[in-house]
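Remarks on the structure that follows.
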Amino acid sequence: MKPNPKTQTIKVDYLARVEGEGALYVRIKNGKINDLKFKIFEPPRFFEAFLRGRRFTEAPDITARICGICPVAYQMSSIHAMEKILGIQISGPLRELRRLLYCGEWIESHVLHVYMLHAPDFLGFPDSIQMARVYPDIVQTGLRLKKIGNEIVRVLGGREIHPINVKVGGFYKIPPRKAFLELLDDLKWARDAAIGMVRFTAGLEFPEFERDYEFVALSHPDEYPFNEGRLVSNKGLDIPVDAYEDHFQEIHVEHSNALHSVLKARGAYFVGPLARFNLNFEKLSALTREVCRDVGLIPEVRNPFKSIVVRSVETLYALEEAIRIIEHLEMPEAPAVDYSIKPGTGHGCTEAPRGILYHRYTIDAQGIIQQARIVPPTSQNQKTIENDLYHYVSGHLDLPKEELTWQCEQTIRNYDPCISCATHFLRLEIEEVE
Amino acid sequence: MAARQDPMIPLPYRIETVQRETGDTFTLTLVPAAGDQIGPFAAGQFNMLYIFGVGEVPISISGDPSESGKLVHTIRAVGSVTRAMQRLKAGQVIGVRGPFGSSWPLEQAQGNDVVVIAGGIGLAPLRPVLYTLVKYRERFGKVILLYGSRTPEDILFRRELEKWRQRFDMEVSITVDRATGRWRGNVGVVTKLIPRAPFDPYSCIAMVCGPEIMMYYSVLSLKDQGVPTECIYISMERNMKCAIGFCGHCQYGPYFICKEGPVFRYDQVESLLNKREI
Amino acid sequence: MAERKKPKLAVWKFASCDGCQLSLLDCEDELLAVADRVEIAYFPEASRATVKGPYDLSLVEGSITTPHDAERIHQVRRMSRFLVTIGACATAGGIQALRNFQDVREFTSLVYASPQYIETLKKSTPIDEHVPVDFELRGCPINKYQLLEVLNAFLNGRKPNIPDYSVCIECKRGGNVCLMVAHGTACLGPVTQAGCNALCPSYHRGCFGCYGPKERSNPSSLSERFLQMGWEHSEIVRAFRSFNAYAEPFRKESEAHETKS
Amino acid sequence: MVIIDTSALQNLFQLLADEEYQLIGPRISDQAIVYDRIHSPDELPIGWTDEQEAGRYRLKRRNDSHYFGFVVGPHSWKAHLHVPVQKLWEAQRDGPSFEVRLHNDSPPKMAFIGVRACELRAIAIQDRVFLQGTFIDSHYQSRRKNLFIVAVNCTEPGGTCFCTSMNAGPRAEQGFDLALTELVDKNRHVFLVEAGSARGQALLERLPHRPASEADRQLARTLLEKAAQRMGRQMETEGLKERLYENLEHPRWQHVAQRCLSCANCTMVCPTCFCTTVEDVTDLTGETALRIRKWDSCFTSDFSYIHGGSIRSSTSARYRQWMTHKLAGWQDQFGTLGCVGCGRCITWCPVGIDITEEARIIRESTVNP
Ligand SMILES: Cc1cc2nc3c(=O)[nH]c(=O)nc-3n(C[C@H](O)[C@H](O)[C@H](O)COP(=O)(O)OP(=O)(O)OC[C@H]3O[C@@H](n4cnc5c(N)ncnc54)[C@H](O)[C@@H]3O)c2cc1C
Ligand code: SF4
Ligand code: SF4
Ligand code: SF4
């Protein structure tokens with residue numbers, strides 16, 4: 001192949017190893033990029049529209065269907081928004097159990113991404129099954145780790161995908177303590193395996209690539225964030241969740257069925273593991289921080305390719321947290337708290353594996369949803385992904401096309417984009433487009 | 001062998017030959033693969049045939065009851081298990097449980113005319129009857145076979161039919177629903193052959209096997225000829241999962257087809273046969 | 001065993017949440033064994049490598065919602081010897097079929113700032129409205145053990161053991177106490193197809209119908225009971241209008257009560 | 001017959017446990033009285049009862065401390081004898097052939113505590129199906145053979161009970177090792193105990209007991225007679241079989257089909273229903289095959305499926321099959337009716353379809369063909 005032709009086009013019709021359907025189109029003319037589109041053509045599914053008229057109790061199950069990869073995040077964000085409206089405060093064991101459920105989803109989703117979607121890029125395989133032929137132990141470890149994450153979700157949520165046991169106010173049923181304790185042995189094995197996972201991923205080769213991002217994540221005074229906190233950034237953002245829409249805005253661009261979200265003040269921003277890590281490093285457990293220091297991973301990490309290491313770090317943390325919760329678990333008196341319905345508007349934002357997931361609902365006195373708005377992480381990262389691609393491609397125009405294409409894909413996969421949800425961030429008010 | 005004791009355990013039988021009968025029908029000849037074998041069978045009984053990992057279905061025995069050791073089954077490929085059977089080759093092993101169910105009334109038939117009426121694959125469970133009739137020909141009165149097939153290509157056991165047709169002491173009539181090619185014989189439903197058949201309605205045994213609707217009209221026609229219902233026998237079919245009276249699937253009114261059937265004297269089931277969805 | 005040529009497997013996606021195809025990756029214990037028995041020839045969620053068709057077995061996830069997809073499904077059918085639809089989207093239109101009950105243009109403008117960019121069909125429809133389907137695996141999401149059973153049955157040339165009877169049968173086999181009768185909790189189990197092992201009732205929650213109508217589903221009798229239990233017509237409409245809203249028995253039932261609510 | 005104190009139940013449990021019986025008895029779980037592993041009489045639903053109506057079941061506190069002051073719940077003993085899912089055998093491929101091995105799950109010795117008269121009859125009916133025909137079901141047999149039964153006479157029938165009509169209760173006549181009648185009044189709370197087998201007798205002798213007086217026996221008789229008069233439901237069985245056979249095309253079958261969900265709950269909860277399906281399954285390699293048996297129901301389409309379709313595709317045909325089998329066909333097949341009047345199918349039908357009502361309407365309105 002001739003390097004550096006006058007005009008060349010990089011076209012990836014179907015982005016592989018991402019959830020959902022996206023495509024990439026780059027046109028390079030005279031050694032310069034003259035067009036770049038990260039397209040999402042996942043068909044629109046109109047969740048926000050048909051949430052209207054549903055009862056508030058249905059939002060967790062309906063929004064879970066936005067994404068089969070991180071349904072817990074959808075359930076949690078919608079439940080928190082509803083609980084805000086109803087004035088419900090969940091504390092004690094029920095809160096711990098929700099955290100545990102979130103741990104399960106992080107472990108499952110991160111391990112899936114690290115071993116099955118992202119690592120093959122670094123090691124030069126088209127997929128993890130091919131990779132398993134050469135590195136069977138690595139893939140087996142990954143599968144076993146993933147299973148443990150799934151087990152947590154299954155025990156507490158009923159099933160791995162679209163769990164059925166969470167609801168506004170708590171859970172339908174609390175599984176017997178025994179069911180949790182039975183997970184402990186596996187979790188402890190997994191904690192050790194996750195240390196290995198951090199080391200393994202830290203040892204991969206990373207392209208030289210750093211940018212000055214605005215990282216946005218939740219931040220909580222005492223914990224590494226899952227369900228709660230203020231929205232903060234490394235560029236001075238520090239707002240309560242319900243001020244989200246004052247600071248963020250979505251733009252619908254022609255080439256994509258997804259909406260781009262930007263900070264009104266500063267444009268593109270970065271959510272997800274890297275953002276959480278950079279903004280909440282001190283809240284990680286001592287062991288996790290020690291392992292990070294061991295492998296030389298300390299904030300601020302600005303190379304998005306290293307997100308694979310950070311995902312491993314968060315997996316380790318989630319495993320530790322799961323062990324802590326189970327070892328100290330007190331069984332709640334009732335599976336859910338009582339409440340009465342009242343009208344209002346509520347906001348919920350939780351940390352999905354891929355970053356912050358924002359929900360806002362307005363319900364009436366009967367509990368019927370009047371308005372709904374959902375902003376998933378992938379749409380928040382989309383602008384940043386496009387920018388990364390622009391910079392990455394500009395810096396690597398000398399690469400053979402084949403290789404550059406693969407690396408473009410890898411650049412996108414850094415964000416673990418869940419394209420199926422990206423198209424479901426929908427707004428209800430028609431905004432003026434300038 | 002411990003396995004023998006449980007009636008749900010199939011015994012291994014090796015396929016000795018596979019004979020293609022028509023486009024969708026074939027005959028398997030089976031011999032015991034591990035020494036153990038099922039007990040002797042009577043004409044009209046069936047076995048449960050199991051293909052490893054695929055499933056198990058009830059299939060009538062179509063061979064000669066006096067030939068011991070060998071099992072012959074004629075099968076039409078209609079669904080997943082029977083289609084898998086169609087792909088079997090000589091030398092492969094399948095599982096057999098049986099023999100199960102009631103049999104054709106060959107004892108009562110002695111000294112009487114015998115009318116055998118078959119439709120389609122229904123000829124298979126009646127072939128053991130024909131073998132017996134031929135073998136002990138002198139014990140019976142007139143022997144008549146009326147056989148209906150969809151098309152000339154679907155006619156089963158052609159060579160044997162031809163042999164029997166040539167016998168002076170047997171009356172064989174064949175009809176097809178739809179004539180094709182060089183078919184010069186009867187066209188129409190098998191019931192049309194009944195009024196023309198030369199048997200003594202007051203001293204005969206009729207044995208009928210085929211689709212339920214064909215059996216129903218055949219019996220009406222036999223009754224029209226004056227054959228008493230106690231002298232008419234039919235063979236019924238229902239879903240079966242065990243063939244030993246545990247699964248309940250083959251119930252037909254008060255009967256288990258695997259136990260009291262498949263062969264019934266017509267008056268046993270008369271009140272059920274004209275009802276829908278029994 | 002003689003070295004047979006491995007059958008080629010393809011996994012296709014239409015409008016969906018990806019959860020059903022993820023079920024395959026969630027078979028942690030069996031995934032490598034599956035990969036041993038079939039050639040994973042096309043599965044973009046898992047691999048960037050693709051092998052050209054035709055494919056022996058295609059798993060199709062998602063519903064048809066755009067003109068482009070309505071074309072694409074025909075190509076998929078032509079390339080597939082055996083086509084199995086997986087999940088409520090593919091078998092019934094999915095949650096996105098809620099649009100079928102409303103004006104989609106209004107939806108689009110409610111949701112997108114520049115609706116002119118959005119190309120979409122009026123209805124979200126199941127795959128079998130477009131092409132013949134060899135087998136349907138229900139569920140929102142599908143049960144991974146049922147998926148393995150379908151693959152297994154395909155590999156062994158047998159009929160999959162995927163019953164079309166009610167959730168109640170699994171519920172009772174599992175020894176649950178019936179929520180409808182003992183707690184007065186509304187449950188769609190009696191009209192919904194089994195497959196989840198009566199998951200919700202096992203968690204003290206009424207079945208909400210992820211697997212769609214069972215064969216001979218009789219929702220109107222169940223609704224009658226819900227009304228006796230104090231439900232409003234509007235609640236019945238919503239109950240039948242979820243992930244399998246467009247499956248005929250559920251659709252008819254929700255429409256019948258919509259006029260009364 | 002002897003009298004034992006309630007405290008002797010503890011001894012009874014202990015003696016059975018010493019003989020390595022696994023005790024299974026009534027216990028409260030998920031707002032119902034279920035049959036489950038129990039270890040001590042304290043786990044019994046003391047002071048609880050159940051209110052039952054068509055399609056409705058609720059636990060309620062009694063104002064006394066009866067041990068067995070309730071009737072039958074959602075579970076039946078068949079779950080422990082004719083288990084819902086039974087692996088039958090496993091086969092291994094071996095070249096062109098294969099080897100089949102019977103699955104043996106070596107069940108524990110079980111002691112059932114609190115078996116009602118109707119349930120004893122139901123067990124006898126399933127014995128008839130699985131043990132007394134041409135073939136014997138070895139899986140059922142191995143569970144059944146070491147069974148110890150402690151029966152309890154019903155002194156307070158429930159809202160959907162009609163065992164009297166079916167000649168199956170309320171008094172336990174046979175088929176038990178021990179039978180208890182709970183006698184409670186202001187001054188005492190005791191059990192009148194009768195042994196029904198040598199095993200039961202031997203055990204009884206090891207319990208602290210005293211002879212029963214004639215007054216005790218009379219009290220028990222009176223309680224049972226009163227119970228017999230207070231059945232929540234009734235069914236006239238005289239000539240019922242013939243009436244059903246004559247009315248296979250009665251319009252009532254259509255009427256019930258409007259309401260029936262064909263959900264199969266009635267057959268699942270029925271203590272006599274025995275139908276099953278089998279699944280032949282394989283592992284991914286295709287080297288191992290299994291046959292699994294599961295409870296099935298005549299309400300499913302697969303039940304009557306033969307090549308070309310389901311014979312009983314309509315719900316009316318399925319309900320007709322179920323009811324005529326219970327109340328007619330069973331008689332011809334097994335010499336007894338298939339219903340023992342426990343009322344479970346009425347209580348646990350989500351839409352409250354009532355077999356006694358359906359049978360009554362058919363028998364009272366024969367239509368001319
Ligand atoms: C007593 C008896 C004798 C029979 N004799 C013969 C014979 O000699 N030759 C022949 O070709 N066929 C015979 N049949 C019919 C044969 O059993 C069915 O064609 C066969 O079961 C179809 O199975 P399948 O898996 O190929 O079809 P599918 O349609 O795929 O059936 C799936 C399942 O349905 C059930 N099933 C479907 N059809 C029937 C049926 N007709 N009877 C019972 N269960 C059924 C089976 O459980 C089977 O496993 C007989 C049936 C009975 C009851
Ligand atoms: S809880 Fe629901 S699924 Fe279970 S038996 Fe009752 S109605 Fe059926
Ligand atoms: S038919 Fe109904 S009342 Fe009779 S034994 Fe069965 S469940 Fe009990
Ligand atoms: S009678 Fe009741 S329990 Fe039985 S199948 Fe019909 S609705 Fe279900």
Side-chain angles (χ1 to χ4, degrees), chain C residues 1 27 30 32-34 36-38 148-149 151-153 155-187 189-192 194 201-202 204 214-226 228-229, chain D residues 29-36 50 52 54-59 73-75 79 83-85 93 257-265 267-269 277-287 289 292 294-297 299-303 310 313-315 318 347-353:
Chain C
M1 222 203 307
C27 299
E30 299 86 2
L32 295 178
V34 171
D36 235 27
R37 294 275 290 157
V38 300
L148 283 172
E149 168 62 14
L151 290 175
N152 224 322
L155 287 169
N156 289 288
R158 64 176 167 83
K159 198 152 126 181
N161 291 301
I162 306 288
D164 59 6
Y165 49 60
S166 69
V167 172
C168 298
I169 290 189
E170 289 185 329
C171 194
K172 285 287 193 289
R173 281 188 194 139
N176 290 338
V177 173
C178 176
L179 305 167
M180 279 275 281
V181 173
H183 306 176
T185 302
C187 179
V191 297
T192 301
S202 313
H204 297 176
K214 75 182 270 284
E215 63 79 42
R216 288 267 159 209
S217 193
N218 185 357
S220 67
S221 171
L222 190 64
S223 299
E224 203 53 44
R225 187 64 166 183
F226 289 168
Q228 288 164 12
M229 287 162 59
Chain D
S29 169
D30 299 345
Q31 302 171 46
I33 295 168
V34 302
Y35 296 151
D36 200 354
D50 43 18
Q52 303 198 26
R56 190 185 149 90
Y57 176 103
R58 290 294 182 278
L59 282 187
H75 291 173
V83 297
V85 178
R93 201 192 280 280
Q258 299 273 303
R259 290 166 285 141
C260 177
L261 306 162
S262 61
C263 63
N265 273 302
T267 52
M268 296 287 121
V269 293
T277 186
V278 296
E279 290 179 0
D280 282 307
V281 295
T282 37
D283 65 357
L284 271 168
T285 62
E287 295 299 300
I292 297 167
K294 294 181 172 173
W295 285 357
D296 199 4
S297 167
F299 281 92
T300 72
S301 76
D302 210 41
F303 192 82
S310 187
S313 73
S314 71
T315 301
R318 296 183 201 172
T347 301
W348 298 98
C349 171
V351 292
I353 293 171

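Within every chain, numbering begins at 1; the chains are lettered A, B, ... in the order of the sequence lines, protein sequences first and strands thereafter. None of these values were measured; they are calculated from a predicted model.
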Selection from C:Glu224, C:His204, C:Glu30 maximising heavy-atom pairs under 4.5 Å formed with chain D:
C:His204
Smallest separation among heavy atoms of C:Val181 and D:Cys349, with atom names:
CG2-O, 4.2 Å
Interchain contact, D:Asp280 with chain C, by part (heavy-atom threshold 4.5 Å):
backbone
Among the listed options C:Gly175, C:Gly174, C:Cys171, the residue most often paired with chain D at heavy-atom distances under 4.5 Å
C:Gly175
Relative to chain C, which segment of D:Ala289 carries a heavy atom at a distance below 4.5 Å: side chain, backbone, both, or neither?
neither
May I ask you to decide if D:Val281's main-chain N or O and C:Asn161's side chain share a donor-acceptor pair within less than 3.5 Å?
no
Are C:Glu215 and D:Arg318 ion-paired here, with the side-chain N under 4.0 Å from a carboxylate O?
yes
Please confirm whether the backbone N or O of D:Gln258 pairs with a side-chain atom of C:Asn218, one donor and one acceptor, at under 3.5 Å?
yes
Examine whether an atom of C:Val167 lies under 4.5 Å from a heavy atom of chain D, and if so say whether it belongs to the side chain, the backbone or both; otherwise answer neither.
neither
Given the options D:Lys294, D:Arg56, D:Arg58, D:His75, which has more heavy-atom pairs under 4.5 Å with chain C than any of the others?
D:Arg58
Please flag which part of D:Ser313 lies under 4.5 Å from any non-hydrogen atom of chain C: side chain, backbone, both or neither.
both
Working to the nearest 0.5 Å, report the span between OH of D:Tyr57 and SG of C:Cys178.
12.0 Å
For the side chain of D:Asp30 and the backbone of C:Asn176, is there at least one donor-acceptor N/O pair under 3.5 Å apart?
no
Distance check, rounded to the nearest 0.5 Å: C:Ile169 atom CD1 versus D:Asp296 atom CG?
6.0 Å
Considering non-hydrogen atoms only, spot the tightest contact between D:Arg259 and C:Ser221 and give its length.
O-OG, 2.5 Å
C:Lys172 vs D:Asn265 side-chain heavy atoms within contact, under 4.5 Å:
yes
What distance do D:Thr282 atom OG1 and C:Arg158 atom CZ have between them, rounded to the nearest 0.5 Å?
3.5 Å
C:Asn152 and D:Asp283 have their tightest heavy-atom pair at OD1-O, 3.0 Å
Contacting region of D:Pro74 [heavy-atom separation from chain C under 4.5 Å]:
side chain
May I ask you to decide if D:Met268's main-chain N or O and C:Arg173's side chain share a donor-acceptor pair within less than 3.5 Å?
no
Atom NZ in C:Lys159, atom CD in D:Glu279: separation rounded to 0.5 Å?
12.0 Å
Might you point out which heavy atoms bring C:Ala33 and D:Leu284 nearest each other, and give the distance in Å?
CB-CD1, 4.0 Å
Using 0.5 Å steps for rounding, measure from the CE atom of C:Met180 to the SG atom of D:Cys263.
8.5 Å
Candidate pair C:Arg216 and D:Ser301, rule side chain to side chain donor-acceptor pair (under 3.5 Å), full reasoning:
CA-CA 8 Å; C:Arg216 288 267 159 209; D:Ser301 76; over 6 Å; no
Hey, are C:Lys214 and D:Thr300 close enough side-chain-wise for a donor-acceptor pair under 3.5 Å?
no
